[in-house]
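One-based numbering, in listed order, for ligands and for the atoms of each. The basis for the numbers below is simple: all heavy atoms, side chains too, and nothing from hydrogens, waters or symmetry mates.
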Amino acid sequence: MNEDLLRKNLAGKLIGHNLYYYPSIGSTNEEAYRLGAAGAAEGTVVIADRQTKGKGRMQRIWHSPAGGNIYTSFILRPSLETGRTPQLTLLAGVAAAEVLDKHCEGKVELKWPNDILIGGKKVCGILSEMKMTGGKVEFVVIGIGINVNINVRQFSPELRFLATSLREETGRAIAREDLLISLYENIAKWYKKLLQEGFAPVKEKWLSLAAMIGRDVQITLHNETVTGRACGIDDTGSLLLVDAGGGTISITAGDTTILKENKNVAGN
Ligand code: BTN
């Protein structure tokens, strides 16, 4: 990773003006959280070439080998009500999906809550963590992992069916620095839009990129499953499902599976 190139291009930018680069670290999210708690400014970014304790959602491990992927976390200090902070995760998904789509046009999809898929396989994951003080949001850390140049043979056998990388999909190696610079710039663009215009534009873009809307899905959380037809998201970032009885259910967390067309649960 060319740290100098990153510093030169990110100087003075909303996201990236303050940059910490590590050849190896436990987790960029943990480091950004530590920096945030110590008072680091909004837009501070942490980048690592490798993570030894990369964190995924639901206490999972995020496989983080050196040399080919993006592992980054950044700090935001928005004045948003706590209930609206999931909007930032969806915003990061929209911004990252737009950047990935430039390399793999028309093939990038969002999967609620925060996965980015190409050809149905995961290429990017997002993990947000928040610190609250006195009932208010002090800061939010948004962590983004993108499989850029990794060869799928480096994935464990069970991951090989579920995950992919940009190089795998395009046949070309992509400079991680360029991708990071475009990513931070696009996040800054969407963040300003959210603060000025509210959630509506982010939501509209998110829905246009979400393959699951209008499809029957199954959501699993701690051994419980809920099935229904995905019909939208609300302003707290929850997924809205129409169940077999025609009622609307709002889901705040879980893993999503898109069901095959013939498993029709919500009627026609
Ligand atoms: C998921 O899909 O489960 C979320 C994965 C998030 C991974 C990224 S990599 C950079 C940042 N640091 C971490 O420890 N996790 C996030």
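With hydrogens and angles ignored, the 3.5 Å screen pairs no side-chain donor or acceptor of Y22 with any backbone N or O of R50.
For the pair K53 and ligand 1, the shortest N or O to N or O distance does not fall below 3.5 Å. On a distance-only criterion, T72 and ligand 1 share no N/O pair closer than 3.5 Å. Looking at Y71 next to ligand 1, no N or O pair under 3.5 Å apart turns up.
Nearest non-hydrogen protein atom to atom 9 (S) of ligand 1 is Q51 NE2, 3.4 Å. Here the protein heavy atom with the shortest distance to atom 15 (N) of ligand 1 is K55 O, 2.8 Å. Given atom 3 (O) of ligand 1, the protein heavy atom at minimum distance is R57 N, 2.7 Å. At the shortest separation from atom 5 (C) of ligand 1 among protein heavy atoms lies W62 CE3, 3.3 Å. Nearest protein neighbour of atom 8 (C) of ligand 1, counting heavy atoms only, is G145 N, 3.6 Å. Of the protein's non-hydrogen atoms, K122 NZ, 2.5 Å is the one closest to atom 2 (O) of ligand 1. Nearest protein heavy-atom neighbour of atom 11 (C) of ligand 1: T28 OG1, 3.2 Å.
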Test side-chain contact (heavy atoms from CB on, under 4.5 Å) applied to Y184 and T72, step by step: CA-CA 10 Å; Y184 296 145; T72 184; 2.6 Å; yes
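Using a cut-off of 4.0 Å between Lys/Arg side-chain N and Asp/Glu carboxylate O, D178 and K102 are scored as not salt-bridged. For K205 and E98, the salt-bridge test passes: some basic side-chain N is under 4.0 Å from an acidic carboxylate O. Between E30 and K53, no side-chain nitrogen of the basic residue sits less than 4.0 Å from a carboxylate oxygen of the acidic one, so the salt-bridge criterion is not met.
For the atom pair OG1 (T44) and CD (E31), the distance works out to 11.0 Å, reported to the nearest 0.5 Å. In this structure, OG in S64 is found 12.5 Å from CD1 in I70, a value given to the nearest 0.5 Å. Note that CG of L35 is 10.0 Å distant from OG of S73, once rounded to the nearest 0.5 Å. Note: I142 CD1 to L91 CG = 7.0 Å, rounded to the nearest 0.5 Å. To the nearest 0.5 angstrom, S238 atom OG is 12.0 Å from I249 atom CD1.
The heavy-atom pair separating R57 from G254 by the smallest distance is NH2-O, 2.7 Å.
Contacts between D115 and ligand 1, counted as non-hydrogen atom pairs separated by less than 4.0 Å, involve the side chain only. Here M58 has no heavy atoms under 4.0 Å from ligand 1, in either its backbone or its side chain.
Heavy-atom proximity to G54, at under 4.0 Å, picks out these atoms of ligand 1: 14 (O). Interface of I144 with ligand 1, defined as ligand atoms under 4.0 Å from a residue heavy atom, comprises 8 (C), 9 (S), 10 (C). The contact set between ligand 1 and S73, taken as ligand atoms under 4.0 Å from a residue heavy atom, comprises 11 (C), 12 (N).
In this structure, E30 falls outside the shell of residues with a heavy atom less than 4.0 angstrom from ligand 1. Ligand 1 does not have R60 within reach: every non-hydrogen atom of the residue lies 4.0 Å or more from it.
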